[in-house]
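Following: one structure in structure tokens, then a few remarks.
In what follows, every chain begins at residue 1, and chains take the letters A, B, ... in the order their sequences are listed.
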2 protein chains.
Amino acid sequence: MAKKTGLTGKQDIFLKEIYKFISENNYPPSVRELASISGFSSPKGAADHLNTLIKKGYLQRNPSPRSLKLTEKAFWYLKMPNPFNDSSILYLPLLGRIAAGKPIFAEENIDEYVPISKQVMGRAEGQFLLRVNGDSMSGDHIMDGDMLIVKIQDTAENGDIVAALLNDEAVVKRFYKRSDGTVELVSSNPLYEPIVLKDGVRIQGKVIAVYRHIF
Amino acid sequence: MAKKTGLTGKQDIFLKEIYKFISENNYPPSVRELASISGFSSPKGAADHLNTLIKKGYLQRNPSPRSLKLTEKAFWYLKMPNPFNDSSILYLPLLGRIAAGKPIFAEENIDEYVPISKQVMGRAEGQFLLRVNGDSMSGDHIMDGDMLIVKIQDTAENGDIVAALLNDEAVVKRFYKRSDGTVELVSSNPLYEPIVLKDGVRIQGKVIAVYRHIF
DNA sequence: TAAAAAACTATACATATGTATAGTAATTAT
DNA sequence: ATAATTACTATACATATGTATAGTTTTTTA
């Protein structure tokens, strides 16, 4: 199942060992230390993994020994904060247009990784940014072009503002579950009709914050 | 002037070079790199400084190469933000209620320092955060409790949303200069009358971004 | 001003480190 | 089932690194 830039199971474990080492020591491991940690009897195994992870964009390195650096891609993949950054900062992927037929976190959908303060967004992990398209939520003062911080979850409470996938498009609506089992996704702009879904809905997360740039 | 644990001038400079290196590279320097940076022709000079700084409690190290670590004592001494902070982050003071009679940036007015991404707020320095009080700008979808990122400037263009000081209170309004020299501060909520000022106005800055937490 | 401490130079050496060569074993794709 | 890729083992080697020896120069302390 190893795609172009995805990780195999062993590579995944190896990357996690690197993260663990840096978190514990505040400096990067040597090739031999990684081999030893991973139970390899030769440095070559670790060196091969390192080169693969560098090629796939999860690591960076200088010619100097112990100059390994995890990329933001790696931190997002690991769903962990960057231990070298201040712990009050998280990097969140910014999703632009959702490509039809692709998983929502496919690389094609990620515009960039944006550093966001935990202080202003709450402490929880597992979040992403979504750019608002259209004015259907203007009643909640969420406007076209705003960036939303979305906390990843697949359920919601009645009245929550959620990001959901509808025909391969990410939509932002208020979520209501009716007593007959149907789900209503309601816009806060009265110009838009509520969307009624009998088969449930693929909720991506709950909107917990709004960010808007004024030009 | 070298006290028991205080630093001499050269040690001070040397410690700052270490701080700088780690900030820029995210991994610690080698002894020779430090010698080279400091203009020494031998690694011994750097090694001596390192041992002194370790003895005095500003550094820690393992037997491994490149395992230097700045201690909390060092951070305190340097009066610097954590070197592991990403440079794409700025700390902005968050202003709450403005105390009457005090300058706007008086310590009494600063609630806390909030890390904000340069990527989402533009690259400029000289900004602060202001918590919105009331609904007078609801027409611009700026709501009670929102946090505004304000770029410090004392002038504004017609139509800009500005933060201004009015009777020792920070207000957020749209700025209009009329041909007769008077200034009008206009709320975007029609329930509020425009404020007309003959003597000009003390503009604190221009609102460049809005941040809102949804509960 | 003399003594002590700090701040170096120049060179050497054992070890840690990244990388290379030449393979084998296991897993995945076709 | 076969080929390709991944995931290693074992060993070797040039270089980077920390440390040591033996000094000199500069700055600080008494």
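- Closest to the B:Lys10 side chain, of the nucleotides C:dA7, D:dA16, D:dT21, is C:dA7.
- To the nearest angstrom, P of D:dT26 lies 17 Å from CG of B:Asp48.
- Under 4.0 angstrom from either OP1 or OP2 of D:dT19 there lies at least one side-chain N or O belonging to B:Arg61.
- Dashed line: the shortest gap from a side-chain N or O of A:Thr8 to OP1 or OP2 of D:dA7 is under 4.0 Å.
- In the displayed structure, A:Asn158 atom CG is contacted under 6.0 Å by more than 12 heavy atoms of other residues, nucleotides or ligands.
- Phosphate contact (OP1/OP2 of D:dA10, side-chain N/O of A:Ser41, threshold under 4.0 Å): present.
- Taking atom CD1 of B:Ile37 as the reference point, atom P of C:dC8 lies 14 Å away to the nearest angstrom.
- Going from atom CD of A:Gln11 over to atom P of C:dT28 covers 11 Å, rounded to whole Å.
- Side-chain atoms of A:Asp140 and A:Ser188 include a donor-acceptor pair closer than 3.5 Å.
- One finds a side-chain N or O of A:Ser30 lying less than 4.0 angstrom from the OP1 or OP2 phosphate oxygen of C:dT17.
- Taking side-chain N and O atoms only, B:Ser42 has no distance below 4.0 Å to OP1 or OP2 of C:dT11.
- With respect to A:Glu157 and A:Lys177, no salt bridge is recorded, no charged nitrogen being found less than 4.0 Å from a carboxylate O.
- Residue B:Leu15 contributes atom CG, which lies 16 Å from atom P of C:dA6 at whole-angstrom precision.
- In this structure, of C:dC8, C:dT17, D:dT19, it is C:dC8 that holds the atom nearest to the side chain of B:Phe40.
- Side chains of A:Asp180 and A:Thr182: a donor-acceptor N/O pair is present below 3.5 angstrom, by distance only.
- Checking D:dT19, C:dA16, C:dT19 against the side-chain heavy atoms of B:Val31 singles out D:dT19 as nearest.
- The residue among A:Pro43 and B:Arg32 whose nearest nucleotide of DNA chain C is located toward the 5' end is B:Arg32.
- Between C:dA6 and B:His49, no contact under 4.0 Å exists linking OP1 or OP2 to a side-chain N or O.
- Take the nearest nucleotide of DNA chain D for B:Lys44 and for B:Ser67: the residue whose nucleotide is more 5' is B:Ser67.
- Separating the CD1 atom in B:Ile37 from the NZ atom in B:Lys20 is a distance of 7.5 Å, to the nearest 0.5 Å.
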